[in-house]
Amino acid sequence: MTRIPGATSDLEPLRLLLIGAGQRGREVYGAEVLAMPHRARFVAVADPDPAARTRFATEHGLPPESCFADWQAALGAVGHDAVVIATPDRFHVEQALAVIASGRPLLLEKPVAVTAEGLRALREAVERHGTSVSVAHPLRSMDFFVRIEAIVHSGEIGQLVAVDHQEDVGYWHFAHSYVRGSWRRADLASPLILAKACHDLDLITHLVGSRATSVASFGDRRHFHSGGAPSGAPARCTDGCPAAAACPFHAPTFYGGLQPGVEWPASVVSPSTDPAALENALRTGPYGRCVYHCDNDVPDHQATIVRFANGAVATLTVTAFAAENTRIITVRGTRGEIRGHLASGRLEILGFPPEGFRSEARRVIQVEAEAGHDAGDRIMVEGFVEHALAVRAGTATPGMDFPEVFHGHAIAFAAEEARLRGSVVSVGVDGPSA
Ligand SMILES: NC(=O)c1ccc[n+]([C@@H]2O[C@H](COP(=O)([O-])OP(=O)(O)OC[C@H]3O[C@@H](n4cnc5c(N)ncnc54)[C@H](O)[C@@H]3O)[C@@H](O)[C@H]2O)c1
């Protein structure tokens, strides 16, 4: 069993290095770890942005010598038992490969890679080094999906035939992140199906319990382009738009009701709590742009069909055109179906009983309503910390938390290829197969 060189005694909290102290790094991993001081603490941070670094260092009481602009220097410095990577998508592979080679357990943000080649490099590195890698797929840990999985595995709905899954991003979340924001362009971040739905493809794969064989996918920018703009709309909302009063995306109204610097996504527009800073960011930065005059290219509606080796079929819709930010799932089995609505926490199990024409057995499970995945994040971080502590103590064997966790990414790469080519694409180990 591998011991991490220089590991401390089991009584000491896990010593973590954070690479990337932005929204996820600070507001999710930072906050979760601050809530478990007896199990883990951040002992170092790496971020090229001095403001992000300083803010994180202040919140975690880190001395200047534990704050790095360069992630490689941070990784080379001794003193951490495990690493969290929460940098923008395109840095993940290079950074993860270095951590995997160091042997320290890694919690890696999704998407783990933005190309099939990157995914293959990661998979091979994990196989070679046997390092523990946990992928940040918080849906897997959420009570709502854990219940669905338990029902499927109990056999209550018979043999699984299909999963119909809908990811309602919400018009407001979509406009912020995928029209104006960091995930608006596939070349800057990653394709929508990967950036937004790798969680869902992972979850579907997990429920189906089989590998995908082929995929078809359709979608484009239906609305968020210059053709959707109201007459006379200027490039920026702050430049006196004639449609301001009727537009659901008018930036000063859109962000103006949120607490500056504190409430997401106003905190992304400007980290300052000063309302004037938010106003200035809207006048000059990316989030004040008219949603019809941005440089976005990711589809705003995408429908995907996946066929699995065991014969099951899944459909996945990712859409901006929804009022709510939620996920709606139907799992179809030979003896019943499960219908779930994440934001309300309601699960219905409808059995097919042997009691005559149109008979139906209905059972309702109400779990705690949650639109986002905060609870999943918490359980995921706790699970990672406990595993890394056990690896440090020599009581757990290092390895992937879920062996098939990269497969959802492979499906996403194949789906994007299918969308761009307009044809059915075979799914290989790391993406489209020839
Ligand atoms: N698991 C989830 O549910 C979930 C949700 C949202 C975002 N994400 C993913 O988390 C990652 C981070 O997203 P975010 O919203 O926190 O982004 P962000 O832009 O708020 O934060 C990224 C941080 O990384 C820093 N950074 C950039 N280059 C770096 C480098 N070379 N070394 C170290 N730090 C560097 C930036 O300065 C910034 O502070 C992305 O990959 C995103 O796709 C995952």
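For clarity, every value in this text was computed on a predicted model and none was experimentally measured.
- Listed for the Ser214 side chain is no donor-acceptor partner under 3.5 Å among the backbone atoms of Arg307.
- Residues Asp81 and Leu16 fail the side-chain proximity criterion, which asks for heavy atoms closer than 4.5 Å.
- Each of Tyr171, Phe254, Trp264, Trp183 was evaluated against His176; a single residue qualifies, Trp264, per the ring-ring contact (aromatic ring centres under 6.0 Å, His included) test.
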Checking Asp164 against Thr315 for the side chain to side chain donor-acceptor pair (under 3.5 Å) test, could you report, in this order, the C-alpha distance in whole Å, the side-chain angles of both residues, the deciding distance, and whether it holds?
CA-CA 5 Å; Asp164 296 323; Thr315 61; 2.8 Å; yes
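- In this structure, the side chains of His137 and Cys198 come closer than 4.5 Å at one or more pairs of heavy atoms.
- Going from atom CG of Leu160 over to atom CD1 of Ile151 covers 12.0 Å, rounded to the nearest 0.5 Å.
- Taking every heavy atom of both residues into account, Ser190 and Asp89 meet most closely at OG-OD2, 2.8 Å.
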For Leu34 and His60, what are the C-alpha separation, side-chain angles and deciding distance, and is it a side-chain contact (heavy atoms from CB on, under 4.5 Å)?
CA-CA 8 Å; Leu34 281 176; His60 292 261; 3.5 Å; yes
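- Annotation: side chain of Ile338 is in contact with side chain of Ile157 (closest heavy-atom distance under 4.5 Å).
- In terms of heavy-atom proximity, Pro265 sits nearest to Leu258 at CD-CD1, 3.5 Å.
- For Ala369 against Ala343, the heavy-atom pair with the smallest separation is CB-O, 3.2 Å.
- Using cut-offs of 30° and 60° for the angle between ring planes, the Phe249 and His223 rings count as tilted.
- Counting only N and O atoms by type, the side chains of His387 and Ser134 include no donor and acceptor under 3.5 Å apart.
- Salt-bridge check for Arg419 with Glu416: passed, with a basic side-chain N closer than 4.0 Å to an acidic carboxylate O.
- The backbone N or O of Gln23 lies less than 3.5 Å from no partner atom in the side chain of Glu27, so there is not a single donor-acceptor pair.
- Checking side-chain atoms of Arg180 against main-chain N and O of Arg289 turns up a donor-acceptor pair under 3.5 Å.
- Aromatic ring pairs are classed by plane angle as parallel below 30°, tilted from 30° to 60° and perpendicular above 60°; the pair His409 and Phe406 is perpendicular.
- Donor-acceptor pairing under 3.5 Å is lacking for the side chains of Glu109 and His92.
- Taking a cutoff of 4.0 Å between a charged side-chain nitrogen and a carboxylate oxygen, Arg123 and Glu127 qualify as a salt bridge.
- Closest approach of Pro138 and His199 over heavy atoms only: CD-CE1, 3.6 Å.
- The structure places SG of Cys67 at 10.5 Å from CG of Leu18, a figure rounded to the nearest 0.5 Å.
- Between Asp300 and Phe321 there is a side-chain heavy-atom pair separated by less than 4.5 Å.
- For the pair Arg15 (side chain) and Gly79 (backbone), a donor-acceptor distance under 3.5 Å is present.
- Rounded to the nearest 0.5 angstrom, Leu122 CG and Ile100 CD1 are separated by 5.0 Å.
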Kindly list each side-chain donor-acceptor pair under 3.5 angstrom involving residues 215-222, sequence neighbours excluded, with atom names and distances?
unit_1, atom_1, unit_2, atom_2, d
Ser217, OG, Gln302, NE2, 2.9
Ser217, OG, Ala303, O, 3.4
Ser217, OG, Thr304, OG1, 2.8
Arg221, NH1, Phe224, O, 3.3
Arg221, NH1, Asn296, O, 3.3

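- The shortest side-chain heavy-atom distance between Leu75 and Gln95 does not fall under the 4.5 Å cut-off.
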Walk me through it: do Asp202 and Lys110 pass the test side-chain contact (heavy atoms from CB on, under 4.5 Å)?
CA-CA 11 Å; Asp202 171 65; Lys110 67 82 209 164; over 6 Å; no
Between Leu139 and His206, is the side-chain contact (heavy atoms from CB on, under 4.5 Å) condition met? List the steps.
CA-CA 11 Å; Leu139 296 189; His206 189 51; over 6 Å; no
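- What you find for His165 and Asp200 is that their closest heavy atoms are NE2-OD2, 2.7 Å.
- To the nearest 0.5 Å, the span separating OG1 on Thr319 from NZ on Lys196 amounts to 12.5 Å.
- Looking only at distances, no side-chain donor or acceptor of Arg346 sits under 3.5 Å from a matching main-chain atom of Val364.
- Look at Arg140 and Glu404 and you find a salt bridge, because one of the NZ, NE, NH1 or NH2 atoms lies within 4.0 Å of a carboxylate O, short of that distance.
- Closest approach of Leu316 and Ala197 over heavy atoms only: CD2-CB, 3.9 Å.
- Looking at Thr131, its side chain never comes within 3.5 Å of a backbone N or O of Val126 through a donor-acceptor pair.
- A donor-acceptor pair under 3.5 Å is absent between the side-chain atoms of Thr326 and the main chain of Asp168, judged by distance alone.
- Under a 3.5 Å cut-off, the side chain of Asn310 and the backbone N or O of Gly209 do not form any donor-acceptor pair.
- We find the CD1-CG distance between Ile19 and Asp70 to be 9.5 Å, quoted to the nearest 0.5 Å.
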Take Val291 and Phe174, measure what side-chain contact (heavy atoms from CB on, under 4.5 Å) needs, and give me the verdict at the end.
CA-CA 10 Å; Val291 291; Phe174 197 92; over 6 Å; no
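- A distance of 5.5 Å separates CG in Asp47 from CG in Asp49, rounded to the nearest 0.5 Å.
- For Arg120 (side chain) and Glu117 (main-chain N/O), no donor-acceptor pair under 3.5 Å exists by modelled atom type.
- In this structure, Glu59 and Arg55 have side chains that are in contact, with non-hydrogen atoms separated by less than 4.5 Å.
- Within 6.0 Å of CD in Glu124 there are more than 12 heavy atoms belonging to other residues, nucleotides or ligands.
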Could you go through His173 and Asn325, starting from their C-alpha distance and side-chain angles, then the distance that decides it, and tell me whether this counts as side chain to side chain donor-acceptor pair (under 3.5 Å)?
CA-CA 7 Å; His173 183 358; Asn325 172 230; 4.9 Å; no
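- In this structure, Arg104 contributes its side chain and His80 its backbone to a donor-acceptor pair below 3.5 Å.
- Side-chain atoms of Arg39 and Leu14, non-hydrogen and from C-beta on, never get closer than 4.5 Å to each other.
- The side-chain heavy atoms of Trp71 and Phe91, taken from C-beta on, include no pair separated by under 4.5 Å.
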Can you give the donor-acceptor pairs under 3.5 Å from side chains of residues 273-287 to other protein atoms, not counting sequence neighbours?
unit_1, atom_1, unit_2, atom_2, d
Asp274, OD1, Ala276, N, 3.0
Thr284, OG1, Asn280, O, 2.8

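- With a 6.0 Å cutoff to the six-membered ring centre and a 45° limit on the axis angle, Arg327 does not count as a cation-pi contact of Phe144.
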